[in-house]
There are 2 protein chains.
Amino acid sequence: MATDSYAHLAYYERLVLQIKTQILQGILLPGDRLPSVREMAKQEQLNPNTVAKAYKQLDQDGITYVEPGRGTFIAEPLTKVSTTAIAAFRPKFEAIVVEAKSLGISVDLLRQWLNEAEGNI
Amino acid sequence: MATDSYAHLAYYERLVLQIKTQILQGILLPGDRLPSVREMAKQEQLNPNTVAKAYKQLDQDGITYVEPGRGTFIAEPLTKVSTTAIAAFRPKFEAIVVEAKSLGISVDLLRQWLNEAEGNI
DNA sequence: TGATGTGTACTATTATACATAGTACACTGA
DNA sequence: TCAGTGTACTATGTATAATAGTACACATCA
């Protein structure tokens, strides 16, 4: 797979992250069609079921939508943010910050990374 | 366990995070002795082996040190930061940012959380 | 209509990680 | 000596990941 840096993630999670990133970068636009599970499986050297699992999660997250018999397409970006999604996400973020500080990484460096990430995506 | 918000983590990972947080908050100080694996197992309603796994990771991370036959103690905070540790950590942070943006969470909100976390730890 | 390509839903197998349980050992200190 | 350290080891049960194969309803197109 292309995203070598994410060795700690499962294959299907890497694929989900890869597609999310390409959407944020504007490489994939709303209405674009993703390769079929079988095509993507060949491209990424994965089992079709693994790709299907990634597509299923993207669909559940509202990132994509499925037109039965036609394919999977990129959805319009979310307009209103789910408060429950935010509440569920925050502990993850805070855990990452704790881990960073324990490694001796300053909050300033995290801010810098955040700024750079904002530029890239 | 006390850290209810981290249901997505394994028990031993929650314990590691809990101890790291208490160190950052100044509740646990360098030289302080952690409860024995058997004591902590009783406190946290865990199997001693699960606690041992958490202690092992803390030791490997340089967070604690072991005095054989005496116990596990909080180490002095890291002075110089391992560049390899930083390099390995950054993809994790970036993945979190991508996930946040996909949920519709703004970078500004992440900055705010970062500031609040800086105050707490 | 028939053929092809969609996503999806199954079953099954293998491998790995988590958590538990129990036992054993070298070490330290009273 | 004896109790309390961390650690190592085997074993079991559970859950998840990834694989493989099959099947089905649907849409499109010749």
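Since the structure is predicted, the reported quantities are computational estimates derived from the model, not experimental observations.
Counting to the nearest Å, the C1' atom of C:dT8 and the CD atom of A:Gln60 are 12 Å from each other. The nearest whole Å value for the distance from the CD atom in A:Gln57 to the P atom in C:dT8 is 13 Å. Taking atom CE of residue A:Met40 and atom P of nucleotide C:dG5, one finds them 18 Å apart after rounding to whole Å. For the pair A:Arg38 CZ and C:dT4 C1', the interatomic distance rounds to 11 Å; values are reported in whole Å. Residue B:Leu15 contributes atom CG, which lies 11 Å from atom P of C:dT20 at whole-angstrom precision. When the P atom of C:dG7 is taken as reference, atom CG of A:Leu34 falls 9 Å away, rounded to whole Å. Nucleotide C:dT28 holds its P atom 15 Å from the CZ atom of B:Arg33, rounded to whole Å.
Distance from the side chain of A:Thr72 is smallest for C:dG7 among the nucleotides D:dG6, D:dT5, C:dG7. The side chain of B:Tyr55 approaches D:dT7 more closely than any other nucleotide in the set D:dT7, D:dT28, D:dA23. Which of D:dT28, D:dG6, C:dT8 sits closest to the side chain of A:Arg70 comes down to D:dT28.
With rounding to the nearest 0.5 Å, the separation of CG in A:Asp32 from CD1 in A:Ile27 is 11.0 Å. Considering CD of A:Gln25 and NZ of A:Lys20, their distance stands at 14.5 Å, rounded to 0.5 Å.
With DNA chain C read from its 5' end, the first of the two nearest nucleotides for A:Lys56 and A:Gly71 is the one closest to A:Gly71.
Under a hydrophobic-cluster definition in which Ile, Leu, Val, Met, Phe, Trp and Tyr are linked whenever side-chain heavy atoms come within less than 4.5 Å, directly or via other members, A:Leu24 and A:Phe89 are assigned to the same cluster. A:Val81 and B:Ile96 fall within a single hydrophobic cluster, where Ile, Leu, Val, Met, Phe, Trp and Tyr are joined by side-chain heavy atoms under 4.5 Å apart, directly or via other members. A chain of hydrophobic side-chain contacts below 4.5 Å, direct or via other Ile, Leu, Val, Met, Phe, Trp or Tyr residues, connects B:Trp113 to A:Leu114.
Between A:Ile74 and the choices A:Leu29, A:Leu58, A:Ile23, A:Ile63, the side chain to side chain contact (heavy atoms under 4.5 Å, CB included) rule is met once, by A:Ile23.
Residues A:Phe93 and B:Ile105 fail the side-chain proximity criterion, which asks for heavy atoms closer than 4.5 Å.
Applying the 4.0 Å criterion to OP1 and OP2 of D:dG4, one finds that B:Ser36 has every side-chain N and O outside that range.
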Report, one pair per line, the protein and nucleotides 14-20 of chain D atoms (nitrogen or oxygen only) whose separation is under 3.5 Å.
unit_1 : atom_1 : unit_2  : atom_2 : d
D:dA17 : OP1    : A:Tyr12 : OH     : 3.2
D:dA17 : OP2    : A:Lys53 : NZ     : 2.7
D:dA18 : OP1    : A:Tyr11 : N      : 2.4
D:dA18 : OP2    : A:Tyr11 : N      : 3.4
D:dT19 : OP2    : A:Asn47 : N      : 3.3
D:dT19 : OP2    : A:Thr50 : OG1    : 2.5
D:dA20 : OP2    : A:Asn47 : ND2    : 3.2
D:dA20 : N7     : A:Asn49 : ND2    : 3.1
D:dA20 : N6     : A:Asn49 : ND2    : 3.0

